[in-house]
Amino acid sequence: MLTFITQLPADKPIAGVHCVPVLDNGDIVMVWDREEKGLTTIGGRLEKGETIDEGLKREAMEEAGILLEESKIPFASWYWENTQTYTVWFLTKVKAFTKIPSGYEKTGYVIMNVQTAIEIITKLEGIGERVEIIRRAGILTGQLEKEEI
């Protein structure tokens, strides 16, 4: 179940991390998954022994060739009943773009404003959790008003 948060959940382990990187102009970075044919946030499962910071940095590099600023704000979580773990989404800032390491090119990054991201995701998937995650990121960055979709 998707929940909006202001701090990390502490009752169960965090097994996955995603981020919505924001550029200085307010645009966001998402990735297009060439295999799944979908627009998604950057992230995935933590590797054994990996910290949240390490996982976010690794996923951003592998999926988009992005170096992230150190600051991050947790804003959403999904609780997986079957594994009793969380996936957490963070609002982050882009420090720099670099080349995606070889072997990880099944995705490519896309830069757009929040409203465009919502419209594309809605067209591909309909209104659902991914739209709500991007909408919340847009509210937190000041790109959307709470009433906007």
Side-chain angles (χ1 to χ4, degrees), residues 1-33 36 38-98 100-101 104 106-118 120-122 124-149:
M1 170 165 48
L2 182 65
T3 305
F4 295 117
I5 60 174
T6 56
Q7 57 187 356
L8 292 176
D11 60 324
K12 304 282 185 189
I14 295 171
V17 292
H18 280 252
C19 65
V20 178
V22 180
L23 299 171
D24 288 339
N25 68 358
D27 286 349
I28 62 171
V29 181
M30 296 187 71
V31 290
W32 176 258
D33 189 307
E36 295 179 20
L39 188 63
T40 187
T41 54
I42 296 167
R45 297 195 56 77
L46 292 174
E47 295 180 354
K48 185 177 174 102
E50 192 173 49
T51 67
I52 289 170
D53 287 337
E54 291 166 343
L56 276 174
K57 288 176 183 176
R58 177 183 53 76
E59 291 289 350
M61 179 56 66
E62 290 175 357
E63 294 185 6
I66 293 176
L67 299 173
L68 299 174
E69 296 282 347
E70 291 300 317
S71 64
K72 62 189 171 306
I73 300 168
F75 72 93
S77 69
W78 181 272
Y79 180 67
W80 299 93
E81 187 70 42
N82 59 334
T83 59
Q84 297 187 2
T85 61
Y86 288 100
T87 295
V88 176
W89 280 262
F90 295 87
L91 202 58
T92 61
K93 290 201 71 151
V94 174
K95 183 176 184 177
F97 287 91
T98 186
I100 298 172
Y104 294 101
K106 76 172 199 130
T107 59
Y109 69 81
V110 181
I111 299 171
M112 67 195 87
N113 64 41
V114 170
Q115 189 61 44
T116 300
I118 290 171
I120 291 171
I121 295 165
T122 300
L124 292 171
E125 302 176 10
I127 294 182
E129 286 83 7
R130 197 175 333 260
V131 167
E132 291 305 312
I133 288 166
I134 299 304
R135 188 170 88 69
R136 180 56 63 112
I139 291 167
L140 292 172
T141 62
Q143 298 297 306
L144 294 178
E145 298 292 325
K146 288 186 181 186
E147 301 82 40
E148 289 183 70
I149 243 193

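Every pair passing salt bridge (Lys or Arg N to Asp or Glu O under 4.0 Å) that includes a residue from residues 42-51 is listed here, sequence neighbours excluded: Glu47-Arg58, Glu50-Arg58. Residue pairs meeting the side-chain hydrogen bond (donor to acceptor under 3.5 Å, both in side chains) criterion with at least one partner in residues 65-77, sequence neighbours excluded, are Asp53-Lys72, Lys57-Glu70.
Under the side chain to side chain contact (heavy atoms under 4.5 Å, CB included) criterion, Thr85 pairs with Pro13, Ala15, Trp80, Thr83, not counting sequence neighbours. Residues forming a side chain to side chain donor-acceptor pair (under 3.5 Å) with Trp32 (at least two apart in sequence, or on another chain): none. Looking at residues two or more places apart in sequence or on another chain, you find a side chain to side chain donor-acceptor pair (under 3.5 Å) between Glu54 and Thr51. Residues forming a salt bridge (charged side-chain N to carboxylate O under 4.0 Å, His left out) with Arg136 (at least two apart in sequence, or on another chain): none. Tyr86 pairs by the ring pair (Phe, Tyr, Trp, His ring centres under 6.0 Å) definition with Tyr79, not counting sequence neighbours. Residues satisfying the side chain to side chain contact (heavy atoms under 4.5 Å, CB included) criterion with Asp33, sequence neighbours excluded, are Glu35, Glu36, Lys106, Thr107. Here Glu129 pairs with nothing under the salt bridge (charged side-chain N to carboxylate O under 4.0 Å, His left out) rule; sequence neighbours left out. Residues satisfying the salt bridge (charged side-chain N to carboxylate O under 4.0 Å, His left out) criterion with Asp24, sequence neighbours excluded, are Lys93. Residues that satisfy the side chain to side chain donor-acceptor pair (under 3.5 Å) test with Thr92, not counting sequence neighbours, are absent from this structure.
In terms of heavy atoms, Gly55 sits closest to Leu46 at CA-CD2, 3.7 Å. Between Leu56 and His18 the shortest heavy-atom distance is CD2-O, 3.7 Å. Val131 approaches Gly126 most closely through the heavy-atom pair CG2-O, 3.8 Å. Shortest non-hydrogen contact noted between Ala64 and Val31 is CB-CG1, 4.0 Å.
Rounding to the nearest 0.5 Å places CD of Gln143 at 9.0 Å from CD1 of Ile28. From Ile133, atom CD1 reaches atom OG1 of Thr87 across 9.5 Å, with rounding to the nearest 0.5 Å. The CD1 atom of Ile66 lies 8.5 Å from the CD1 atom of Ile100; values are rounded to the nearest 0.5 Å. Note: Leu144 CG to Ile139 CD1 = 6.0 Å, rounded to the nearest 0.5 Å.
Put simply, the side chain of Phe90 reaches to within 4.5 Å of the side chain of Ile52, judged on heavy atoms. For the pair Arg135/Val114, no side-chain contact is recorded, criterion being any heavy-atom separation below 4.5 Å from C-beta on. For the pair Ile120 and Met112, the minimum side-chain heavy-atom distance is below 4.5 Å. With a 4.5 Å cut-off on side-chain heavy atoms, Pro101 and Met61 count as touching. For the pair Leu23 and Phe97, the minimum side-chain heavy-atom distance is below 4.5 Å. Side-chain contact between Ile134 and Thr41 is present, with at least one heavy-atom pair separated by less than 4.5 Å.
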Would you be so kind as to tabulate the donor-acceptor pairs closer than 3.5 Å made by side chains of residues 2-10, with sequence neighbours excluded?
none

(message) With side-chain contact (heavy atoms from CB on, under 4.5 Å) as the criterion, how do Ile127 and Glu132 come out once you've worked through the C-alpha distance, each side chain's angles and the decisive distance to 0.1 Å?
(response) CA-CA 8 Å; Ile127 294 182; Glu132 291 305 312; 4.3 Å; yes

